[in-house]
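In what follows, a structure is listed as structure tokens, so that the remarks can point back to it.
In listed order, ligands and their atoms are each counted from 1.
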Amino acid sequence: MLTDNDINLLQHGCSLLGIAVNEDIVNRFDRYGQMLIEANRVMNLTRVPEDQMVARHFLDSLTLVSVWKPAPGTKLVDVGTGAGLPGIPLAIAFSQLNVTLVEATLKKAKFLGTVVDELHLDNVKVIHARAEEISRMPQHSHAYGVVTARAVAPMSKLAGWLLPLVDRRGFCAAYKSIDARSEIEAAGEDISKAGGRLDRLVEVDVPGTDIRRLMALLVSAPASRR
Ligand code: SAM
């Protein structure tokens with residue numbers, strides 16, 4: 001259960017990010033946190049200590065709003081979501097987003113199914129598959145306005161998993177650590193081969209922590225502009 005300090009941090013962090021939180025949102029984060037802690041006892045979901053979960057999982061996930069203002073009805077897919085990060089915090093905070101969680105490990109996908117049911121997250125779908133598989137399916141290929149991935153793979157690999165899912169006007173957001181600049185810059189050719197280009201690298205602060213993240217934003221590019 002979230003402590004009073006956790007709830008204060010969640011509310012303060014969200015207000016710094018410009019996100020409105022009501023009681024229903026806080027209750028859902030609370031229940032999600034409990035489910036994560038319980039499931040983590042029997043499977044390897046996270047190494048983040050319980051008392052840092054709000055900052056290092058929930059607020060970190062929500063920092064996407066530093067680079068993008070969620071628009072109702074946007075289709076967002078979170079690739080390699082693991083325990084549901086960043087997809088579930090985004091779906092809890094923005095019920096008008098249409099969120100798909102893609103996870104290759106069956107037991108994690110099953111856990112996510114229970115979270116979706118228990119939290120009544122009508123705006124979330126879970127797919128047990130690899131990103132490379134679903135991007136070949138017509139209903140997923142270039143079908144998403146936003147594609148997210150946190151801590152999934154180096155950019156040289158990730159680009160080929162994310163870009164086939166993004167639509168022509170959308171973007172991919174790779175949540176990277178602040179020291180990942182050279183990894184991202186070295187992946188230029190792989191990004192180009194995957195049909196995209198690096199649009200921006202943005203440093204964002206995770207509220208309530210001294211953590212600074214690097215968001216790598218990729219977009220599709222016509223062959224002539226890569
Ligand atoms: N995004 C979560 C987070 O930030 O806590 C999980 C990170 S975990 C280190 C990476 C996850 O990506 C694992 O759960 C793994 O099963 C999943 N994964 C790796 N490659 C994948 C792929 N090609 N398609 C779908 N899931 C993948």
What's the shortest distance from [atom] to any protein heavy atom, and which residue and atom give it?
{"atom": "atom 19 (C) of ligand 1", "answer": "V152 CG1, 4.0 Å"}
{"atom": "atom 24 (N) of ligand 1", "answer": "A131 N, 2.9 Å"}
{"atom": "atom 4 (O) of ligand 1", "answer": "R150 NE, 2.6 Å"}
{"atom": "atom 8 (S) of ligand 1", "answer": "A151 O, 3.7 Å"}
{"atom": "atom 12 (O) of ligand 1", "answer": "G80 CA, 3.3 Å"}

### Message
Between T81 and D78 (side chain of the first, backbone of the second, donor and acceptor by atom type, cut-off under 3.5 Å), is there such a pair?
### Response
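No, T81 side chain to D78 backbone: no donor-acceptor pair under 3.5 Å.
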Got a donor-acceptor contact below 3.5 angstrom from the N123 side chain to the V99 backbone? no
Give the atom numbers and elements of ligand 1 that come within less than 4.0 Å of a heavy atom of [X].
{"X": "T105", "result": "16 (O)"}
{"X": "A104", "result": "25 (C), 26 (N), 27 (C)"}
{"X": "K108", "result": "13 (C), 14 (O)"}
{"X": "A129", "result": "25 (C)"}
{"X": "E103", "result": "11 (C), 12 (O), 13 (C), 14 (O), 15 (C), 16 (O), 17 (C)"}

ring-ring contact (aromatic ring centres under 6.0 Å, His included) pairs touching residues 26-53, sequence neighbours excluded, are F29-F58, Y32-F58
| task | Keeping to residues at least two apart or across chains, list the ring-ring contact (aromatic ring centres under 6.0 Å, His included) pairs with something in residues 96-130. | result |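 Pairs touching residues 96-130 that pass the test: none.
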Heavy-atom pairs closer than 4.0 Å: do any link ligand 1 to the side chain of [X], the backbone, both, or neither?
{"X": "E132", "value": "side chain"}
{"X": "W161", "value": "side chain"}
{"X": "T81", "value": "backbone"}
{"X": "P86", "value": "neither"}

### Message
To the closest 0.5 Å, what do you measure between CG (L10) and CE (M53)?
### Response
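Between L10 CG and M53 CE, I get 10.5 Å after rounding to 0.5 Å.
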*Approximate separation, where rounding is to 0.5 Å, of L101 CG and L85 CG*: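 Reported to 0.5 Å precision, the distance equals 9.5 Å.
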### Task
Inspect the contact between E203 and R181 and indicate whether a charged nitrogen and a carboxylate oxygen are less than 4.0 angstrom apart.
yes
**Item:** Salt bridge K75-D167, side-chain N to carboxylate O under 4.0 Å
**Value:** no
Minimum side-chain heavy-atom gap H140-I127 below 4.5 Å = yes
With heavy-atom distances below 4.5 Å as the criterion, would you say the side chains of L163 and I191 are in contact?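 Answer yes - side chains close enough.
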Q) Does some non-hydrogen atom of A83 fall short of 4.0 Å from ligand 1? A)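 It does not; every heavy atom stays at 4.0 Å or beyond.
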